[in-house]
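Scroll down for the structure; my scribbles are underneath it.
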Amino acid sequence: MYPYPPQYGVQQQGAYGAESYDIYSQPMPQGAYMPAAPQTGAGSLSYMMGGALGGFGMAPMMQQQPMMMQQQPMMMQQTVMAPVGPPAMSPAAAAMNTCAIMGATAYQFTANGDADRLYYSMAGMGTDDRELIEILGGRPREHLVMVAQVYQQRYGKSLASDIRGDTSFSYKQLCINLIKPYGEFLADCIYESIVGLGTKENELIDIVTQISPAELALLNQTWQQKYGHSHGSLEHVISGDTSFNFRKTLMHTIRGTRMPPGQVDPTRVEAEAHALYHAGEHRLGTNEGVFIDIISRSSAEHLQLVSQAYARHHHHSLEKAIEKETSGDFCTTLIALCTPRPTFVARRVNDAIRGLGTNDSLLVRMFSFNNKPLLHMAAAEYQRMYGHSMEQAVCSDTSGPYRDLLVRLLRP
């Protein structure tokens, strides 16, 4: 089975909203907000979000501890199961599989049931897009990965191939991304950004600057399994396709020494603000190495505190100083590293839909890259920053089933 990063993990709480997946819990009562304590016996996948979702400000998130993850074997009905762990659930237990999404209502579904629903939504002439959207837009990724395995077992063909045959364009790509294991999705994003003619620097920045150390470990593992034999290590391919300070910053970031999201060290804040000022605005020329060292090893929340200290002493933010002292992809990368993920996602969604036309590849990437808690926090940031809802903005720039799936992902 696949390991998952913290925000897709088992029984954990992360900086960007409390979220856990209890794969051994008892069925939830109607209207329950949080599940009961895990019970013995395999079967249900309980998905809930709370914590920082109650308040979207950055300050509460800074107080969170580094994200932790407990590895537990994931089980599923019939023969698709982890090689170790409790025995597979009985049909009666499977019928009670429950997923509770964001509190107010409990929805019951199983991997077998969803596999059947997806099959019949695409069987024959035409596609039942409403059914496809409800399942792909309303389930956590781990469940959809299990559904894809069951689909292959029951119908002898790939769920991804059937989706490709029944959907098109950006709608198709979003559907495919949602059913991929998270590590595979990350590895594919990096592959698409650097393999072939030229490098898609913005795609590379979107992923590398926003993943947590645990997600980075998962990316490295999956990259090595899928692409390592033909393209070499992740560090090797990124180094070969980038240059100068942009490359140095990415190399520092992917070596895994960065603070986890939400972790801060108040004892370092004033000294780092002082060091950054003396490495940049205080002198002729810029000591880029100081910027790279401090920014690439710090969490975005920690850097927000550094920026506040910088502004107290020098009357503008650290971001403004970076814009004055650096340029190009190097500047973009440093600013991205200084930006908490919900704010970063809000900005990138706005980048995708502002002006003439829509950058659908960017929009699809942001909605595939982030789970529901992160999308909900990003939507709140979007409302604060731009004065209207993300859902309203997305609806105005997209149409058809593609629009409907984006909207479903923004809702509980």
Side-chain angles (χ1 to χ4, degrees), residues 1-10 12 14 21 66-74 80-85 140-142 144-146 148-149 152 158-160 173 176-243 246-261 292 296-297 299 329 333 336-337 341 364-365 368-371:
M1 300 301 291
Y2 303 96
Y4 298 105
Q7 70 262 38
Y8 296 97
V10 178
Q12 60 81 35
Y21 298 92
M67 292 188 277
M68 302 295 292
M69 178 172 67
Q70 297 176 1
Q71 294 287 345
Q72 298 188 24
M74 295 188 69
V80 184
M81 63 183 70
V84 295
R141 184 183 296 270
E142 295 70 31
L144 293 176
V145 170
M146 295 166 68
Q149 294 175 357
Q152 179 74 47
S158 162
L159 174 58
Q173 189 58 57
I176 296 299
N177 287 352
L178 293 172
I179 65 171
K180 285 182 181 179
Y182 188 63
E184 183 179 340
F185 167 76
L186 293 176
D188 288 348
C189 284
I190 298 296
Y191 179 84
E192 291 161 9
S193 71
I194 60 180
V195 174
L197 292 176
T199 303
K200 299 174 183 175
E201 289 85 357
N202 285 332
E203 293 186 18
L204 196 56
I205 293 167
D206 285 346
I207 300 298
V208 173
T209 65
Q210 297 302 306
I211 56 177
S212 68
E215 289 174 301
L216 176 61
L218 176 63
L219 168 59
N220 271 303
Q221 177 186 340
T222 310
W223 176 273
Q224 200 59 39
Q225 292 169 352
K226 188 169 184 179
Y227 299 114
H229 65 284
S230 56
H231 292 86
S233 70
L234 181 65
E235 187 171 333
H236 171 76
V237 295
I238 291 178
S239 176
D241 269 59
T242 55
S243 59
F246 178 43
R247 174 172 60 196
K248 290 178 184 176
T249 308
L250 293 179
M251 290 299 98
H252 276 70
T253 304
I254 66 172
R255 283 169 186 158
T257 58
R258 195 178 185 203
M259 285 174 160
I292 293 170
S296 65
R297 62 185 167 88
S299 70
D329 294 325
T333 304
L337 287 166
R341 189 155 161 180
V364 167
R365 185 162 64 253
S368 306
F369 179 35
N370 298 283
N371 58 18

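All residue numbers in this chain count up from 1 along the given sequence. Computed from a predicted model, the values in this text were never measured in an experiment. Heavy atoms only: backbone and side chains are in, while hydrogens, waters and symmetry mates are out.
For T199, the side-chain hydrogen bond (donor to acceptor under 3.5 Å, both in side chains) partners are D241, not counting sequence neighbours. Partners of Q224 by side-chain hydrogen bond (donor to acceptor under 3.5 Å, both in side chains), not counting sequence neighbours: none found. Legend: residues meeting salt bridge (Lys or Arg N to Asp or Glu O under 4.0 Å) with D206, ordered by chain and number and at least two apart, are R348, R365. Taking F246 as the reference, nothing meets the ring-ring contact (aromatic ring centres under 6.0 Å, His included) condition, with sequence neighbours excluded. Applying the side-chain hydrogen bond (donor to acceptor under 3.5 Å, both in side chains) test to K226 and every residue at least two apart in sequence or in another chain returns E184, D188. With sequence neighbours excluded, the residues that form a side-chain contact (heavy atoms from CB on, under 4.5 Å) with S158 are Q152, A160, S161. In this view, Q173 and N177 satisfy the side-chain hydrogen bond (donor to acceptor under 3.5 Å, both in side chains) rule, not counting sequence neighbours. In this structure, the ring-ring contact (aromatic ring centres under 6.0 Å, His included) partners of H231, at least two apart in sequence or on a different chain, are Y191. Residues satisfying the side-chain contact (heavy atoms from CB on, under 4.5 Å) criterion with A148, sequence neighbours excluded, are L159. Residues satisfying the salt bridge (Lys or Arg N to Asp or Glu O under 4.0 Å) criterion with E235, sequence neighbours excluded, are R255. Remark: R297 pairs with E272, D293 by the salt bridge (Lys or Arg N to Asp or Glu O under 4.0 Å) rule, at least two apart or across chains.
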Evaluate the side chain to side chain contact (heavy atoms under 4.5 Å, CB included) criterion for residues T242 and L204: first the C-alpha distance (whole Å), next the side-chain angles of each, then the deciding distance (0.1 Å), finally the verdict. CA-CA 10 Å; T242 55; L204 196 56; 3.9 Å; yes
Given side chain to side chain contact (heavy atoms under 4.5 Å, CB included), test L186 with T222 step by step and report yes or no. CA-CA 8 Å; L186 293 176; T222 310; over 6 Å; no
T253 and T209: side chain to side chain contact (heavy atoms under 4.5 Å, CB included), yes or no, with the steps? CA-CA 7 Å; T253 304; T209 65; 5.8 Å; no
Side chain to side chain contact (heavy atoms under 4.5 Å, CB included) evaluation trace for H252 with T257: CA-CA 8 Å; H252 276 70; T257 58; over 6 Å; no
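In this structure, W223 contributes its side chain and G183 its backbone to no donor-acceptor pair below 3.5 Å. Side-chain atoms of R258 come within 3.5 Å of backbone N or O of L337 as a donor-acceptor pair. Between the side chain of S230 and the backbone N or O of Y227 there is at least one donor-acceptor pair closer than 3.5 Å.
Across I254 and L216, no two heavy atoms sit closer than the pair O-CD2, 3.3 Å. Among all heavy-atom pairs drawn from P260 and S299, the shortest one is O-CB, 3.4 Å.
Here the CD1 atom belonging to I207 is positioned 5.0 Å from the CZ atom belonging to F185, to the nearest 0.5 angstrom.
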